[in-house]
2 protein chains.
Amino acid sequence: MTTGYFPPDRPALTVDVVIFRLREGQLETLLIRRAALPYKGRWAIPGGFVRADESLDAAARRELLEETGIKDVFLEQLYTFGDPRRDPRGRVVTVAYFALITAAQPPPHAGDDAAEARWHTMPSLPELAFDHKQILAYALRRLRYKLEYTAVGFELLSDEFTLAELQAAYEIILDEPLDKRNFRRRLLEANVIEETGKYRSGQVGPRAQLYRYRTDAVAEVKARRLFP
Amino acid sequence: MTTGYFPPDRPALTVDVVIFRLREGQLETLLIRRAALPYKGRWAIPGGFVRADESLDAAARRELLEETGIKDVFLEQLYTFGDPRRDPRGRVVTVAYFALITAAQPPPHAGDDAAEARWHTMPSLPELAFDHKQILAYALRRLRYKLEYTAVGFELLSDEFTLAELQAAYEIILDEPLDKRNFRRRLLEANVIEETGKYRSGQVGPRAQLYRYRTDAVAEVKARRLFP
DNA sequence: TCCTAATAGTGTGTATCTGACACGATTATA
DNA sequence: TATAATCGTGTCAGATACACACTATTAGGA
């Protein structure tokens with residue numbers, strides 16, 4: 001384990017950040033179109049090299065900021081992909097992250113290395129560069145998994161939301177209908193949300209109560225399965 | 001996302017493999033005593049540099065083989081640790097793995113870079129080098145977690161085992177007593193083990209039926225929580 | 001050979017949790 | 001003012017989880 005010897009030929013190290021959001025009833029992910037070879041013109045997950053003095057988390061957060069202009073969002077390490085042939089230019093190991101953001105965020109702006117940045121609707125995506133198809137599939141699996149066991153769904157909604165909005169989010173991601181009464185019961189019993197006292201009106205029908213996520217309840221929820 | 005520019009100063013990349021086994025009613029992990037600076041004389045998780053042409057999994061498997069002489073065991077990527085100051089020599093990013101092996105394996109032999117290799121009983125461990133305490137804590141958490149949700153417990157036992165042995169393994173790792181009748185019922189209902197028709201005798205008392213893990217049932221189990 | 005002590009194996013009843021299911025009240029809009 | 005959408009609410013039946021104790025078997029020692 002890390003002897004006195006230090007290897008001269010080291011792999012390059014990147015972070016790639018799969019960014020998800022929910023918009024108009026669809027799950028979307030941000031992709032950039034590559035401006036340079038290899039895979040020039042292909043869509044890819046945003047990412048970039050880890051700098052010498054920054055942690056992996058910091059690198060991921062920086063990439064996210066550069067690509068979308070946003071910060072302070074849910075960001076979690078996903079998996080590290082290191083197949084020796086995953087990049088035709090040479091050895092590049094990438095630490096994949098995934099981020100969840102709300103739809104009410106500024107539009108993405110393409111960075112130097114991207115010809116274009118655009119939101120794509122899951123799961124129908126264009127061909128991706130490198131092994132990014134695999135990385136995205138892994139991220140989606142993890143998102144679904146986390147949604148069932150933790151309260152991560154809130155990260156995709158704005159601070160205040162109605163139970164109908166939350167249920168819709170779960171249904172979109174899990175891709176199955178949920179019973180309204182059971183959904184409400186479970187979520188309220190899980191004690192992770194609280195009423196704000198405010199209402200959302202504007203749509204046809206009665207006003208909907210707005211809820212917010214109880215930040216002090218995070219740890220508690222992670223322990224129990226939310227939707228068995 | 002990996003532009004045409006390739007950074008000159010790259011972090012070194014290692015894999016560290018947390019190895020667990022169960023022996024005499026205790027959970028043990030293999031540590032090596034460092035022969036070189038930094039942290040010379042301190043205990044550390046076995047690991048080493050990733051070679052230019054090998055995948056991360058291959059590197060982890062190689063390290064495991066070098067340290068313990070064994071192969072074909074459960075091995076899974078854990079997390080990648082990349083704090084810029086985790087190694088005093090410079091930037092070293094490590095991809096941590098964890099492995100589960102059976103107690104009936106050849107003894108470890110110290111590699112070039114290790115003065116000594118020894119099994120240590122969890123959770124009382126000596127001071128560790130680098131951020132290895134954190135890595136080990138993470139590995140233990142993951143082991144417990146996986147045990148509750150998947151059938152990974154078998155990886156720590158020999159091919160054929162009694163239900164009492166299996167229950168003991170679960171109790172050691174989860175660090176709580178389990179009800180014998182409920183344990184047996186759940187495990188049999190989960191359909192992940194099958195009788196071998198053979199018996200283990202020798203101890204005082206009736207002979208115990210030997211079971212084996214049904215490899216064709218892996219996927220199925222992973223889906224449902226084993227011990228809710 | 002017999003006695004003792006350890007271990008294997010087995011079932012039930014109760015409490016809790018899960019899942020299916022329908023309707024009246026409210027409000028924006030036409 | 002009529003219409004259509006949406007909010008919010010409770011019960012019951014079936015499934016699941018948990019607590020719990022005894023008999024039969026065998027090794028080993030008296």
Side-chain angles (χ1 to χ4, degrees), chain A residues 22 24-25 147-151 157-158 160-172 174-212 220-221 223-228, chain B residues 24-25 147-151 153 157-158 160-172 174-212 220-221 223-228:
Chain A
L22 228 39
E24 292 174 9
L147 207 63
E148 297 193 47
Y149 287 86
T150 75
L157 300 176
S158 47
E160 303 187 337
F161 49 84
T162 69
L163 284 179
E165 287 164 3
L166 187 59
Q167 183 178 345
Y170 273 80
E171 287 177 336
I172 291 161
L174 297 180
D175 196 24
E176 59 178 348
L178 300 171
D179 180 84
K180 180 161 67 159
R181 279 172 290 191
N182 294 338
F183 182 86
R184 297 167 100 86
R185 172 172 29 137
R186 279 199 205 116
L187 219 59
L188 293 172
E189 278 173 3
N191 230 36
V192 285
I193 57 177
E194 59 188 5
E195 302 185 353
T196 62
K198 292 184 261 177
Y199 293 87
R200 170 152 311 161
S201 53
Q203 85 280 353
V204 179
R207 304 174 306 164
Q209 175 87 242
L210 284 168
Y211 290 82
R212 85 167 69 84
E220 179 188 345
V221 192
R224 62 172 291 182
R225 192 167 174 173
L226 222 49
F227 300 99
Chain B
E24 291 175 9
L147 207 63
E148 296 194 47
Y149 286 87
T150 74
L157 300 176
S158 48
E160 303 188 338
F161 49 85
T162 69
L163 285 179
E165 286 165 2
L166 186 59
Q167 183 178 345
Y170 273 80
E171 288 177 337
I172 291 161
L174 298 180
D175 197 22
E176 59 178 348
L178 300 172
D179 180 85
K180 180 162 69 161
R181 277 170 293 189
N182 293 337
F183 182 86
R184 297 168 99 86
R185 172 160 28 112
R186 279 200 206 114
L187 219 60
L188 293 171
E189 278 172 4
N191 232 37
V192 284
I193 56 177
E194 59 187 7
E195 303 184 352
T196 61
K198 290 184 260 176
Y199 293 87
R200 170 154 310 160
S201 54
Q203 85 282 349
V204 178
R207 305 174 305 166
Q209 175 89 240
L210 283 168
Y211 291 82
R212 84 168 68 84
E220 178 188 344
V221 192
R224 61 173 291 183
R225 191 167 176 174
L226 221 50
F227 299 99

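Bear in mind the structure is a predicted one, so any value in this text is a computation, not a measurement. Just so we're on the same page: letters track the sequence lines, and every chain starts at 1.
Checked against ring-ring contact (aromatic ring centres under 6.0 Å, His included), Y211(B) has no partners two or more places apart in sequence or in another chain. Applying the salt bridge (charged side-chain N to carboxylate O under 4.0 Å, His left out) criterion to R185(A), with sequence neighbours excluded, gives no partner residue. Annotation: salt bridge (charged side-chain N to carboxylate O under 4.0 Å, His left out) contacts of R200(B) (sequence neighbours excluded): E165(B). Applying the side chain to side chain contact (heavy atoms under 4.5 Å, CB included) rule to T196(A) yields the partners E160(A), K198(A), L210(A), R212(A); only residues at least two apart in sequence or on another chain are considered. For the side chain to side chain contact (heavy atoms under 4.5 Å, CB included) test, residues two or more places apart in sequence or in another chain that qualify with A169(A) are L22(A), L157(A).
Using a distance-only test at 3.5 Å, with no hydrogens or angles considered, no donor-acceptor pair links the side chain of Q167(A) to the main chain of F183(A).
Atom pair Q209(B):CD and dG9(C):P shows a separation of 6 Å (rounding to whole Å applied). Put simply, OH on Y199(B) is 18 Å from C1' on dA27(D), counting in whole angstrom units. Look at CZ on R184(B): it is 19 Å from C1' on dA17(D), rounded to the nearest Å. Here dT9(D) presents its C1' atom at 16 Å from CZ of F183(A), a figure rounded to the nearest Å. One can place CZ of R186(B) at 14 Å from C1' of dA15(D), the figure rounded to the nearest angstrom.
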Using a cut-off of 4.0 Å between protein heavy atoms and nucleotide atoms, how would you tag nucleotides 20-30 of chain C 5' to 3' with B, S and -?
-> BBB--BBBB--
